[in-house]
Amino acid sequence: MSGSFLLSERLEKYIYEFGVNETEVEKELRLYSLVEHSTTSHLQISPDQSEFLKIIIKLGNYKNILELGTYLGYSTLGMALTTSGTITTIDKDDRFIKKAYIFWKKSNVSHKIKFIRGMAIDEIEKLPLNSFDMIFIDADKTNNIKYYEKCKSLLSSEGILIFDNVLWKGKVSENTKDPKVLKIKEFNNYVKNDNYFEISLISIGDGMMLCKKKNLK
Ligand SMILES: C[S@@+](CC[C@H](N)C(=O)[O-])C[C@H]1O[C@@H](n2cnc3c(N)ncnc32)[C@H](O)[C@@H]1O
């Protein structure tokens, strides 16, 4: 999700200017989405979120990354530019993938990216266990609990699981009957009560949840 519900336009501009190191092609892709696909461009993560993912990849030296939810491949591109490994990215919709490949190729990273078209819930069943050291979940929010449970077995022991949109524009703190918000709240509660991961819920973009396996002794 582009932009943060917490930031003023002025502060967002400041952060983008000082805290974002997009390549020309990343910027081109982000702006292409904004201009040519204005009704769906909000789907892509914000540039500061992308920088955040890049730092996480560098800190963990993550090499085998799985992404659920490709859209136009903006988040995929940032991660591919950063890892020395590979990214498997899954989307049910391949309308945008030709265009995404143009940007990926232009950045010389297309060889690192494997796109799988399909329903995430089915496709993740076919993936090898314990094989990903970072999983970024940014697809439909209704299946988050199922993705979470499956990803426990896909993740390597030192891996990190990251969910986007966990604050849903801040609406998770409201007393609401909106079914979408209730789904996100249900998911957040589920993860907390599961007590399987150390979690960090941060207010970047639309809210991201970081899950790292506890060091059980
Ligand atoms: C929020 S967008 C992904 C944005 C992308 N990560 C980025 O930041 O550039 C969500 C994507 O998930 C896809 N999607 C939604 N439900 C899905 C499902 N059940 N299985 C696979 N993909 C799904 C949509 O087609 C859409 O492209």
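Source: prediction; values computed, not measured. Along the sequence shown, the residues carry numbers beginning at 1. Counting convention: from 1, in listed order, for ligands and their atoms alike.
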Q: D91 versus ligand 1: do any nitrogen or oxygen atoms come within less than 3.5 Å of each other?
A: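 Yes, D91 has an N/O under 3.5 Å of an N/O on ligand 1.
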Q: Look at atom 14 (N) of ligand 1 and find which of K92, R95, K141, R117 reaches it with the closest heavy atom.
A: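 Result: the heavy atom closest to atom 14 (N) of ligand 1 is in K92.
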Q: Ring centres of H37 and Y71 under 6.0 Å apart?
A: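 H37 vs Y71: aromatic centres not under 6.0 Å.
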Q: Can you check whether L72 has an N/O within less than 3.5 Å of an N/O in ligand 1?
A: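 The answer is no, given that L72 and ligand 1 share no N or O pair closer than 3.5 Å.
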Q: Verify, without hydrogens or angle tests, whether S38 (side chain) and V35 (backbone) share a donor-acceptor contact under 3.5 angstrom.
A: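 No, the answer is negative, given that no donor and acceptor are paired below the 3.5 Å cut-off.
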Q: Within 45° of the six-membered ring axis of Y196 and under 6.0 Å from that ring's centre, is NZ or CZ of K152 located there?
A: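 That pair qualifies as a cation-pi contact.
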Q: Considering the heavy atoms of M119, write down every atom of ligand 1 situated less than 4.0 Å from one of them.
A: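 Those qualifying, in numeric order: 19 (N), 20 (N).
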Q: With atoms numbered from 1 as shown, which atoms in ligand 1 lie under 4.0 angstrom from a non-hydrogen atom of A139?
A: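 The list of qualifying atoms is 12 (O), 23 (C).
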Q: For D93, counting its heavy atoms only, list the atoms of ligand 1 lying under 4.0 Å from any of them.
A: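 Ligand 1 atoms under the 4.0 Å threshold to D93: 25 (O).
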Q: If you measure every N/O of G69 against every N/O of ligand 1, is any gap under 3.5 Å?
A: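 Yes, G69 has an N/O under 3.5 Å of an N/O on ligand 1.
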Q: Quick check, are the ring centers of F103 and Y32 under 6.0 angstrom apart?
A: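 Yes, close enough.
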Q: Among L53, D94, I97, D140, which one puts a heavy atom closest to atom 17 (C) of ligand 1?
A: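 Selected option, by shortest heavy-atom distance: D140.
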Q: Is the side chain of T176 donor-acceptor paired with the backbone N or O of D178 at a distance under 3.5 Å, no angle test?
A: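 A pair under 3.5 Å: yes.
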Q: Between the side chain of N165 and the main-chain N/O of D206, is any donor-acceptor distance below 3.5 Å?
A: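 Looks like no, no N/O pair under 3.5 Å.
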Q: Using the benzene-type ring in the case of Trp, are the ring centres of F163 and Y147 under 6.0 Å apart?
A: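 No, ring centres 6.0 Å or more apart.
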Q: So if I count the atoms of ligand 1 from 1 in the order they appear, which ones are less than 4.0 Å from some heavy atom of Q44?
A: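 With Q44 as reference, the close atoms of ligand 1 come out as 7 (C), 8 (O), 9 (O).
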Q: Of the side chain and backbone of T70, name the one, both, or neither that has a heavy atom under 4.0 Å from an atom of ligand 1.
A: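 Within the 4.0 Å criterion, T70 contacts ligand 1 through backbone atoms alone.
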Q: Is a donor on one side and an acceptor on the other found under 3.5 Å between the side chain of E123 and the backbone of A120?
A: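 No, the answer is negative, given that no donor and acceptor are paired below the 3.5 Å cut-off.
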Q: Under 4.0 Å, heavy atoms only, figure out whether ligand 1 is touched by the backbone of E67, its side chain, both or neither.
A: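 Only the side chain of E67 comes within reach of ligand 1.
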Q: Under 4.0 Å from any heavy atom of I45, which atoms of ligand 1 are there?
A: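 So the atoms of ligand 1 that pass are 7 (C), 8 (O).
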Q: Is T83 reaching over with its side chain to a backbone N or O of A80, donor-acceptor style, under 3.5 angstrom?
A: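 Side chain of T83 to backbone of A80: no pair is present.
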Q: What atoms of ligand 1 come closer than 4.0 angstrom to any heavy atom of G118?
A: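 Result: 20 (N), 21 (C).
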